[in-house]
K.L.:
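Just dropping this structure here.
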Amino acid sequence: MKILCVAEKPSIAKSVAGILGGGRFSVRSSCVKYIKNYDFSFNFGGSLGQCEVTMTSVLGNFRNNIFPDEYNWGRCEPMQLFTAPLKKGYENKTSQSVAKNIATESQDADRLMIWTDCDREGESIGHQIFEVASESNRRITLENTLRAQFSHLERSHVIHAAKTPRHLDMKQVYAVQTRGELDIRSGFAFTRLLTDLLKSEIPGGLEDKTIVSYGSCQFPTLGFVVDRYIRVRRFISEPFWYLSVTTIKNRIHTLFTWTKPSMFDRMTATVLYANCMSQPRNDFGKIIAKQENPTSNYKPLPLTTVELQKIAARTYRMTAKDTLKAAEDLYTKGIISYPRTETDKFPAKMDLKSFIQRQTGHREWGQYAQSLIDGKFSPPRSGRHNDEAHPPIHPVSCHDGGGLLVKEKKIYELVVRHFLACCSDDAKGSLSKVTLQWGDEIFTTSALEVKEENYLEIYKQYRTWKSSAKKIPPFEVGEEVKLQKAELKEGKTSPPNYMTETELIALMDANGIGTDATIAEHIDKIQQREYVTSLREGSKSVLVPSELGMGIVQGFDNIEFNENISLTKPFLRKDMENELSMICSGNKTKPQVIEKLVNMYQEAYVLTKRNQQTLVREYRNVIRENG
DNA sequence: GCAAGGTC
């Protein structure tokens, strides 16, 4: 029997061929520069048995939606794009060649086995491969097409995946197709409307090559930046007042903080201060309580892509894009698990200790790993996210760093240390708190003492939790202590900061805008479109909207849409994600979801067009306000 | 000329 295996990317095809072929395979080049075809034999067991195998790959998505030529820009009313037919096509020469290689290689195959990544997109890419293969070879059907399930490239795992395939999950395929169709219809329609409108109404305002694009991810991303900008600009600093006392005992000065919130009314604060000052012995305070409570600092949750990007941005100042690239390269080398995951909970049956064991020989953290094996192991915390495709990011093999790029080394170290931290105990400490009364007012001071570092021993680079530098003198309850200072102080509320990239990533992630692989691209896109510019502010850079970006958001926010739908807010996109999940779980069908959301977008389009002067007016307003 | 999603 002859089997054609197809992976999502060339690196996976190479690794899997190496494992299944046991190192004995021959390589042929294909009509695409990056893609190689590997021939070998492998015993799949079961009804397949010993097979001749060709392993190849595609380059991610290669078939996409295309509108027929009569719907090109300027040749139809954009509104028609919501219902125009869509055909499958190839965007460029490369994807056409990718398809050609699949068609050729499938010709003499008895079976097709899909080896794309095990996520929703992978399932859809698998279906594209199936379509091309079955068009070229009628013996390949959806029923006899196999789908390997794997989440990392460790040898025994890959062999097990080859021997226990399932079928393509069409529900996931339909969910992805639904998103694709809605995005191209709404994206093209609104982009043409906005571009043509703003160019004709604001002559000389926009350059010829400018595109004012709408996208279901671009707009909410822009919306986050604008919201923050407005909050900063509208911020008015307010003074507030508070009481503060400092004691002196054993020559140690101890600052006590008022337990009441700061007051925005000066008179009230002054009266309270005067009350205290009018007491006899107003230069003494009384210790009324003393506590010492055990406290913990929790170890981190199992590592997701976005968390990895956030930690790397904070600790190493790496961009989200660079972090993902480094992690992807470590994955294809078999060093860490699949780095695109939303799951922050390890599967119950996973043998974590075997992964720790592999790290015991490492010169930096081997000893620590050994101590976990020798009894200090503690089961990881469980988060509430699960993408049902990949476990949290964890190291697969032990690597001394030789031959790795600097960025890869950093990311590898982060992944290992994070994993070991997850399998350790929380840090333990004790928090001492002393309460003091001065007049009728109550003040407290506290100090932390770290007793057991536990996970922090391996995780110091990424998180600090230290004993307080200040020492609290040995106060006794009931004791009267001399005050060194007792003051009425004035403070000022400070404005929020402009949006940083790290914050924007966190917001997009929390709101389901884009995927781990595309979040960085959307941030890039709204800058290319000149909706947003990046400014340096001190040591970090922040994102602020341009006039165009402000104008668009203000314009859309001033149009009243049905059911309070907002195109610049994340809720619409989140709704769509929910609908897609329902397709995956079998509770809705692709046509149902498309009908519902196309109707909604059409209504929004009609209202936008009817109120197009609002968009123009708001954009002009922004320009005028800026002078 | 236009989206978002893969990957190179």
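Letters A, B, ... mirror the listed sequences (proteins, then strands); counts begin at 1. Just so it is clear, the structure is predicted and the values come from calculations on it, not from any experiment.
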K.L.:
Between the side chains of T104(A) and N101(A), does any donor sit under 3.5 Å from an acceptor?
P.N.:
no

K.L.:
For DNA chain B, determine which residues of residues 583-612 of chain A have any heavy atom closer than 4.0 angstrom to one of its atoms, and list them numerically.
P.N.:
none

K.L.:
L507(A): what forms a side chain to side chain contact (heavy atoms under 4.5 Å, CB included) with it, not counting sequence neighbours?
P.N.:
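Counting only residues at least two positions away or on another chain, L507(A) forms a side chain to side chain contact (heavy atoms under 4.5 Å, CB included) with F224(A), M499(A), N511(A).
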
K.L.:
Residues of residues 208-217 of chain A with any non-hydrogen atom less than 4.0 angstrom from an atom of DNA chain B: list those, numerically ordered, please.
P.N.:
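By residue number: I211(A), S213(A), Y214(A), G215(A), S216(A), C217(A).
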
K.L.:
Considering only side-chain heavy atoms of K525(A), which listed nucleotide, dG1(B), dA3(B), dG5(B), is closest?
P.N.:
dA3(B)

K.L.:
Quick one: side chain to side chain contact (heavy atoms under 4.5 Å, CB included) partners of L405(A), sequence neighbours excluded?
P.N.:
E408(A)

K.L.:
Distance-only check: which donor-acceptor pairs under 3.5 Å involve side-chain atoms of residues 170-178 of chain A, not counting sequence neighbours?
P.N.:
unit_1	atom_1	unit_2	atom_2	d
Q172(A)	NE2	D169(A)	OD2	3.0
Q177(A)	OE1	K590(A)	NZ	3.0
T178(A)	OG1	Y174(A)	O	2.7

K.L.:
Could you tell me which residues satisfy side chain to side chain contact (heavy atoms under 4.5 Å, CB included) with S397(A), sequence neighbours excluded, listed by chain and number?
P.N.:
I335(A)

K.L.:
Please name all residues satisfying salt bridge (Lys or Arg N to Asp or Glu O under 4.0 Å) with E123(A), sequence neighbours left out, ordered by chain then number.
P.N.:
R147(A), R166(A)

K.L.:
Go through the structure and list residues passing salt bridge (Lys or Arg N to Asp or Glu O under 4.0 Å) with E563(A), not counting sequence neighbours.
P.N.:
none

K.L.:
Please list all pairs passing the side chain to side chain donor-acceptor pair (under 3.5 Å) test where one or both residues lie in residues 190-204 of chain A, with sequence neighbours left out.
P.N.:
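Sorted result for residues 190-204 of chain A: W73(A)-D196(A).
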
K.L.:
Only counting residues at least two apart or in another chain, list the ones meeting side chain to side chain donor-acceptor pair (under 3.5 Å) with D117(A).
P.N.:
K9(A), Y338(A)

K.L.:
Kindly state which residues belonging to residues 182-199 of chain A come within less than 4.0 angstrom of DNA chain B, counting heavy atoms of the residue only, listed by number.
P.N.:
D183(A), I184(A), G187(A), F188(A), T191(A), R192(A), T195(A), K199(A)

K.L.:
Output all residues satisfying salt bridge (Lys or Arg N to Asp or Glu O under 4.0 Å) with E131(A), sequence neighbours left out; order by chain, then residue number.
P.N.:
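Partners of E131(A) under the salt bridge (Lys or Arg N to Asp or Glu O under 4.0 Å) test: R63(A).
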
